[in-house]
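For reference, the structure is listed below as structure tokens.
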Amino acid sequence: GSAGAITLEELKEQGFARLAIANEPPYTAVAPDGKVSGAAPDVAREVFKRLGVPDVAASISEYGAMIPGLQARRFDVITAGLFMKPERCEAVAYSEPILCDAEAFLLKKGNSKNLQSYEDIAKDETATIGAPGGGTEEKLALEAGVPRDRVIVVPDPQSGLKMVQDGRIDVYSLPVLSINDLVKKANDPNIEVVAPVQGAPVYCDGAAFHKSDTALRDAFDVELAKMKESGEFAKIIEPYGFSAAAAISTTRDKQCAAAQ
Amino acid sequence: MEWDWEFVWEIMPMLLAGVRITILATILGSALAAVVGLVIVIARRSANRAVSRTVGFLAEFIRGTPLLVQLYFIFYVLPDIGILLPPLLAGVIGLGLHYGTYTAEVYRAGIENLPRGQWEAAKACNLTPVQTWIHVVMPQAIPPMIPALANYFIAMFKETPLLSAITVLELMNQAKSVANSSYRYIEPITLVGVFFLVISLISVIGLRWLEKRFGRVA
Amino acid sequence: MVLAGEIGVVQPIIKVDRISKNFGAFQCLNELSFEVAPGEKIALIGPSGSGKTTILRILMTLETINSGHIEVDGDQLYHVERNGQLVAADEAHLHRMRQKIGMVFQLFNLFPHKSVLDNVTLAPILTKKMKRADAERRGMELLDMVGMADKAKAMPAQLSGGQKQRVAIARALALSPKIMLFDEVTSALDPELVEEVLNVMRKLAAETDMTMLLVTHEMSFANDFADRILFFDGGRIVEEGKPGEIFRHPKQERTQAFLKKIIAAGQRI
Amino acid sequence: MVLAGEIGVVQPIIKVDRISKNFGAFQCLNELSFEVAPGEKIALIGPSGSGKTTILRILMTLETINSGHIEVDGDQLYHVERNGQLVAADEAHLHRMRQKIGMVFQLFNLFPHKSVLDNVTLAPILTKKMKRADAERRGMELLDMVGMADKAKAMPAQLSGGQKQRVAIARALALSPKIMLFDEVTSALDPELVEEVLNVMRKLAAETDMTMLLVTHEMSFANDFADRILFFDGGRIVEEGKPGEIFRHPKQERTQAFLKKIIAAGQRI
Amino acid sequence: MDQWSGYLGLILQGAWVTIELTILGSALALVMAFLAGLGRLSKLAPLRWLATAYIEFFRGTSIFVQLFWAYFVLPLLGVPLSPLQAGVLALGLNVGAYAAEVVRGAVLSVGKEQYEACVALNLNRWQCMRHIILPQAFIVMLPTFGNNAIELLKATAVVSLISLADMTFQAQVVRSQTGNTLIPFATILLLYFAMASALSWGVRRLERKLARGLDGVRA
Ligand SMILES: Nc1ncnc2c1ncn2[C@@H]1O[C@H](COP(=O)(O)OP(=O)(O)OP(=O)(O)O)[C@@H](O)[C@H]1O
Ligand SMILES: Nc1ncnc2c1ncn2[C@@H]1O[C@H](COP(=O)(O)OP(=O)(O)OP(=O)(O)O)[C@@H](O)[C@H]1O
Ligand SMILES: [Mg+2]
Ligand SMILES: [Mg+2]
């Protein structure tokens, strides 16, 4: 049921934890054989293993559907690069920071409208920006004053890339590492990247638990801290391009307090 | 989770904007479907076997595959061959093509229900084929089709949420967007259901009237 | 009227020359030949399935033929000459030829969405580019002739079977064809309505010099109406002659058997 | 057989007591009363719309009545006694009463998805919990009686009208009802098929002591078959009596007029 | 190339989910169709109202709304469903509402005289339905049921929007892995068409088999 909290014992019994992921490399990825990888699930998998939960089962979800899904107990935890923001900290129980990243823009080569920040997009009345629905970038754009009808909700990164290539949107915005991964795969000389976006904060994600699962979250934090200490943490995330130092140097409380 | 009326009033304007797009897409899609169906029927009756077979197969194919995938195809694949359609237009074309294959079946049934004697009488009156269609076949075949056509247009209305997959900001997409930024699903999704139910019920009353007025294709 | 004996003197208006017609494997008409003189009234009789309807439908170009030739009013019906050779006719040729022929169907086939008068005037207005006023004047004359003038504004659904058939006759006449074809025009009618239609046809036969071909199961009417009877069986003409000869002194066994059955069923001839 | 004169001596098996039946504003049956003795064969005749079919349908409980009472085999048909008062019967009571009555319809109403034998055995198996083997043995006897044993495996669509009606008779007999109702069982048949059905019914009348009520337009058959004739007009019985009396010396003007019309239409009585 | 066979495997996994959804959804729809279709013909007014409310509600609101409700709202109300369960529930109830009208129409299309023959043979209401009316009505329903099943098959694509890993969803995954849009979508279009063709072929065969007796072909 949705009422009672999930305990670690229950997860152990179940034998796996249910993760929500987004299929957005390098945060999260699904290999051709269906195996889940990416920095966030890899960290979670390792932490849970140490907690005595041998496996994780991931289901891909739209960003917007993740928190409602967590509230509906569709997943036990979100590990998808869902950055900490004050309202989100209200809605879920975050672990300590795991992956930190700045925001980036994907544009057509030349950046003819010279868009460097979300404010630039707000000022240029012809400029349109694509972003995942319910994601940080959508929020940043709206907060910077881009009107709703110029913020296009794009279902997935591949569609965002395609829409930039096709000229349907001027900018597609995601975290830096996601954009870099996308560009690498696209192998298209006619696109370029603006990173980091000026004025946009550096965000960190954490594993997001149900509000009532703080006990589980606390257990997760303990193991996470040990891994950060031992260097195990850096071994997992740095091959993906993330900086372990950035995550270690900040805390959940700082991130959640970081008002606009 | 509790139902929150304040939140309902807050999101209402956005949802109403979505309703507007939904209705617009339905009307344009219906108009296109009506024409596409006619083209399919005429092509399938063509004496040219290559034309009738090809169109027949294409119609079967479109009817047998999901509209959602067709929309992805139109929106994301067609640009590769230089056809770049704005989201709403792509959506209307998808709806029109898909439902055109249904309206074609309605037209076909309506035309086949016309007694053979009417075609023969037209020939005995020495009307040309075009005159036969205009003065004898259409006036008799169309009225009984109207309820069945209307039925499909109501069905199309209920499928417009698919357009959210190609970034059209219709009712469902508005609701999702609201839900995404507020983390509340109950109110937006329920309201979408209410909107659909109300509009459908009104259309059904209209449909009953049409059925009384024009009768129905068997 | 022209008597059967005179054929060969005047040029025939219909010349059917060894036509065959198959439906799938079934041979419906079998090298059928006959001629009709202008103004002649012909009755086609014979058992069910013998091909009577089919030959009328072929003359009206509602069916195609498999082999043979038909000449109507001096022109080939299904063929045109090109470079001295007869080749299959196109739709435009058929359209021209159909101007000469009108047909009345067993089930009337009125246009149900048009009023009685509109049924009669539709074809003249569309195919002869007649002015509406002229077409309506002539339409009312024809409706008057068949006794339906007072129902000009009615819709077909409001008419009895006999009335429908009289309108259908007026509609076919409106194009002033040289040849009229009638396929069992009374057999779908209630018995008490048959006579009103036959009366119209008697009047028509007496007052015009149109050529008429008529399929009927009413032997006494065929006897009154026709200059000549063609007796069909199995897709061929088995016997032909004046009504008096055929009905009183049938030569062929099959004709005799057919007439005997008809009389047994209670018909007077 | 029981003669009409003997009624009143034996207890009647059917007692219809002042029943009325309206369809909307139209009064179809008007305080109709009559009695039938066990084993009696009754023919109901009269003009179209006089209520003959309706009274049979009421006896079969296919219609309801507006007022009056019917007693069948000693029990009320539409009523049950409760606390000394007659109240409307429930479905369970109707179910019990229907065991005594069988009906054969004008349009046969065979079950098209069941074979001939299955049509006959279905009701005994379902309603009398008869074993399939027993039901089939008895079914074959009945089919044999109506001359349809060789078609036991056929589907209804493969039968002629006369054959269908004979199967329908066997089906109704399979429940061994005390009373059989026949509504114009030959009027939907081609003329040459009527006789085979009438023969079955003659045999049935001669060989069993079932009570039979029969609506028919075949006066000569009614004459042969019935012990008593009821002449209906306007929802009432206008005249009744032995066939000889009714057909040869009708007393009422309406009966005379009806019979005159029948004879004019060519029927022999 | 090796990689492509991996991606094809992914799509085939999705195809299996699609097939599962279609079969389970159709089964639920069939049950609901008969319950609601016959309920609407019931003598008991409350049953009739219930059936009518079900039919009008599920035909009136869009399948998407129903799906989102089943997936996101029902768990909040204490009914936790797996994505597959939510998908089957929404699809089955939705298509069942349409098919209920088919059942009702087909039952009504059986002539009144068949009911009267039932009464004359003293069959009770249930026996009459079961042995006489439904077998005849079923043949009338079958072609439309076939169409309904194809509609359901196509509607399964929608479950990809609630992250159920059906064929359309897997095509999306492959697309984001490979950056190729044409190949995954073309592949699933063909697969959907193949499934729809198989469905209509099966229904036609069944139809012919059942109709045989009525035509009098079975000797
Ligand atoms: N469209 C068709 N397809 C197949 N067979 C046909 C077709 N039209 C006619 N026939 C067959 O051709 C034969 C002759 O038909 P036709 O209608 O000319 O007979 P008929 O002499 O008019 O008979 P009737 O007196 O019954 O009207 C019949 O055996 C009929 O079954
Ligand atoms: N269900 C009904 N609704 C309205 N009127 C009906 C209904 N059934 C019968 N009637 C009317 O009741 C009258 C008696 O009908 P019934 O069928 O009993 O006549 P009948 O004597 O059997 O006539 P026929 O010889 O034509 O069968 C007719 O006028 C008929 O129109
Ligand atoms: Mg004929
Ligand atoms: Mg009757």
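Just so it is clear, the model here is predicted, and its values are computed rather than measured. Naming: A, B, ... by sequence-line order, numbering from 1 per chain.
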Please report the closest heavy-atom contact between C:Thr127 and B:Asn126, naming both atoms and the distance.
CG2-O, 3.1 Å
Can you give me the closest heavy-atom contact between B:Ala121 and C:Asn109, atom names plus distance?
CB-O, 3.4 Å
As an exercise: rank C:Pro124, C:Ala123, C:Ala172, C:Gly102 by heavy-atom pairs under 4.5 Å with chain B and give me the winner.
C:Ala123
Bottom line for C:Leu110: the part with an atom under 4.5 Å from chain B's heavy atoms is backbone
Tell me, side chain or backbone of C:Phe105 under 4.5 Å from chain B's heavy atoms, or both, or neither?
side chain
Just by distance, do the side chain of B:Gln131 and the backbone of C:Leu126 share a donor-acceptor pair under 3.5 Å?
yes
Output yes when a side-chain donor or acceptor of C:His113 lies under 3.5 Å from a complementary backbone atom of B:His135, and no otherwise.
yes
Can you confirm whether more than 12 heavy atoms, excluding those of [X], are under 6.0 Å from its [atom1] atom?
| X | atom1 | result |
| --- | --- | --- |
| C:Lys131 | NZ | no |
| C:Lys129 | NZ | yes |
| C:Lys128 | NZ | yes |
| B:Arg53 | CZ | no |
| C:Asn199 | CG | yes |

Measuring only between side-chain heavy atoms, which start at C-beta, is B:Pro139 closer than 4.5 Å to C:Lys114?
no
I need the C:Arg98 CZ to B:Thr128 OG1 distance, nearest 0.5 Å.
10.0 Å
When rounded to the nearest 0.5 angstrom, what is the spacing between CE in C:Met60 and NZ in B:Lys123?
9.0 Å
Name the option with the most non-hydrogen atom pairs under 4.5 Å to chain C; the candidates are B:Cys125, B:Ala122, B:Pro115.
B:Cys125
The test is side-chain contact (heavy atoms from CB on, under 4.5 Å); show your working for B:Glu120 and C:Met103 and say whether it passes.
CA-CA 10 Å; B:Glu120 298 188 341; C:Met103 182 161 181; over 6 Å; no
